[in-house]
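Heads up: the structure comes next, in structure tokens.
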Amino acid sequence: MIQVGGTHLLSVPLPLEEGELLGNPQVAWEAHGEPSDGKAVVLLHDLSHSHLALGPVEAGAYQASGWGREFIGPGKVLDPTETPLLVLNLLGSPFGSTSPVTVDGATGDRLGPAMPGLTVLDMARAVSAGLRAHGLQHVRALVGVGLGGMVALRLAALFPELASAVVAIGAGRSLPEGLREKLGLTAQVLRMDPEFQEGWYGPGNGPRKTMRKLRLDFLKLVHGRESLRHRHPERGGAQAALEAEADSFAETFDPLAWALLCSAYAGCDLADCLPRIRSRVLLLASATDALAPAARVRDTYHLLSAAGAPARFHELQGVADHGALLADPRPLRGPLQDFLQRR
């Protein structure tokens with residue numbers, strides 16, 4: 001299985017939804033197999049992951065990479081020996097695509113707070129530009145997880161002829177209202193920390209205590225109590241594991257990038273653009289996913305169906321929460337592989 005990666009340096013500025021132009025945009029990618037026009041499956045990652053789906057185990061408790069190890073590979077749900085796979089890093093993510101940690105070629109400094117605000121539409125446009133740079137005009141499927149699922153749906157609405165199919169895992173038309181409000185306040189909460197320094201903190205510095213608290217709160221939504229008790233049955237084990245990951249995340253993830261991504265996630269509502277989707281769509285949901293409750297995803301299915309899109313909804317059995325969506329891929333295998341094999 002061929003595995004290569006790189007970064008597309010785009011020669012044309014990227015128009016952003018809020019009216020600005022993002023100069024010298026770049027999109028990081030990793031390919032498994034040999035993606036070609038009409039045959040590739042494009043995979044888009046979740047909020048705090050990178051495009052390195054099969055990346056090595058990292059030193060800290062927070063693992064940005066490697067989230068696809070149980071999901072991608074020979075004989076697994078997505079098998080690159082049968083269907084080549086291209087994984088793209090979302091715009092704003094601090095793992096290779098243009099983000100606040102990107103160095104401005106004109107000044108030699110990181111973009112920092114000069115990085116303009118982003119939306120899910122901007123991320124979809126960047127994915128489209130990355131696909132064109134890769135020589136792909138049409139793809140077999142767009143598959144996205146969480147935030148990546150929203151980007152996949154938005155991209156299918158933006159360019160209805162781009163993909164034959166779309167699979168959104170743990171994603172609906174929007175986050176639940178309470179969570180949208182909470183994530184939407186991320187930038188404001190970070191700015192209140194004196195260590196934020198208006199976004200001009202040095203590398204490895206910044207509002208670590210606030211980042212730790214924000215991450216801990218988010219992890220308690222991503223991982224349900226039942227799942228945590230199952231994974232950490234020892235007394236106090238679950239809390240210790242969450243705190244260790246929050247500590248590692250605060251030391252690793254850039255605060256400005258986190259605020260940027262959270263703002264885009266919180267601000268997204270796809271209801272108005274869903275009628276423009278013409279691809280086949282599969283929506284996969286867990287009943288107890290706090291980020292994409294089954295009822296919210298089912299509502300998305302009804303909106304697509306009402307607009308004439310050939311959509312399917314499948315509630316995954318035995319998946320405890322958002323964090324478990326890819327941890328045990330067995331519930332995904334049947335519905336996803338059956339859907340992708342259909343033409």
Leu216 and Leu242: CA distance, side-chain angles, deciding distance, side chain to side chain contact (heavy atoms under 4.5 Å, CB included) verdict: CA-CA 7 Å; Leu216 194 57; Leu242 293 180; 3.7 Å; yes

Intermediate values then yes/no, salt bridge (charged side-chain N to carboxylate O under 4.0 Å, His left out), Glu70 and Arg330: CA-CA 9 Å; Glu70 301 301 320; Arg330 288 175 296 179; over 6 Å; no

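Residues passing the side chain to side chain donor-acceptor pair (under 3.5 Å) test with Ser248: none are found, sequence neighbours excluded. Partners of Asp37 under the salt bridge (Lys or Arg N to Asp or Glu O under 4.0 Å) rule, at least two apart in sequence or in another chain, do not exist in this structure.
A distance-only check finds a donor-acceptor pair linking the side chain of Thr98 to the backbone of Gln26 [under 3.5 Å]. Remark: side-chain polar atoms of His138 are paired, donor with acceptor, to backbone N or O of Glu161 under 3.5 angstrom. Asp299 places no side-chain N or O within donor-acceptor distance of the main-chain N or O of Ala295, the cut-off being under 3.5 Å. Within the 3.5 Å criterion, the main-chain N or O of Leu90 finds a donor-acceptor partner in the side chain of His45. Remark: the backbone N or O of Asp247 is not paired with any side-chain donor or acceptor of Arg208 at under 3.5 angstrom. A donor-acceptor contact shorter than 3.5 Å links the side chain of Ser97 to the backbone of Asn89. A donor-acceptor contact shorter than 3.5 Å links the side chain of Thr300 to the backbone of Arg173. Judged purely by atom type and a 3.5 angstrom limit, Arg154 has no side-chain atom pairing as donor or acceptor with the backbone of Cys273.
Checked by atom type, the side-chain pair Ser65/Glu58 shows a donor-acceptor distance below 3.5 Å.
Looking at heavy atoms from C-beta onward, Leu14 lies in side-chain contact with Leu91 at the 4.5 angstrom threshold. Using a 4.5 Å cut-off on side-chain heavy atoms (C-beta onward), Leu131 and Trp29 make no contact. In this structure, Gln337 and Thr83 have side chains that are not in contact, with every pair of non-hydrogen atoms separated by 4.5 Å or more. At least one side-chain heavy atom of Leu88 sits under 4.5 Å from a side-chain heavy atom of Leu44. At least one side-chain heavy atom of Arg110 sits less than 4.5 Å from a side-chain heavy atom of Asp254. Considering only heavy atoms from C-beta on, Trp258 comes within 4.5 Å of Leu47 through its side chain. In this structure, the side chains of Pro84 and Arg140 stay at 4.5 Å or more apart for every pair of heavy atoms. The closest side-chain heavy-atom distance from Leu291 to Tyr265 is below 4.5 Å.
Heavy-atom neighbours of Lys76 NZ from other residues, nucleotides or ligands within 6.0 Å: above the threshold of 12. Crowding of Asp193 atom CG: a count of heavy atoms from other residues, nucleotides or ligands under 6.0 Å exceeding 12.
Between His49 and Trp67, the two ring planes are parallel [angle under 30°; tilted spans 30° to 60°]. Using bins of under 30°, 30° to 60° and over 60° for the plane-to-plane angle, the ring pair Phe95/Phe253 lands in the perpendicular bin.
A side-chain contact (heavy atoms from CB on, under 4.5 Å) with Leu142 is found for exactly one of Val151, Val281, Leu155, namely Leu155.
Using a cutoff of 4.0 Å between basic side-chain nitrogens and carboxylate oxygens, Arg215 and Glu245 are scored as salt-bridged.
Screening residues 309-318 for salt bridge (Lys or Arg N to Asp or Glu O under 4.0 Å) gives Arg298-Glu315, Arg312-Asp338 as the qualifying pairs, with residues at least two apart or on separate chains.
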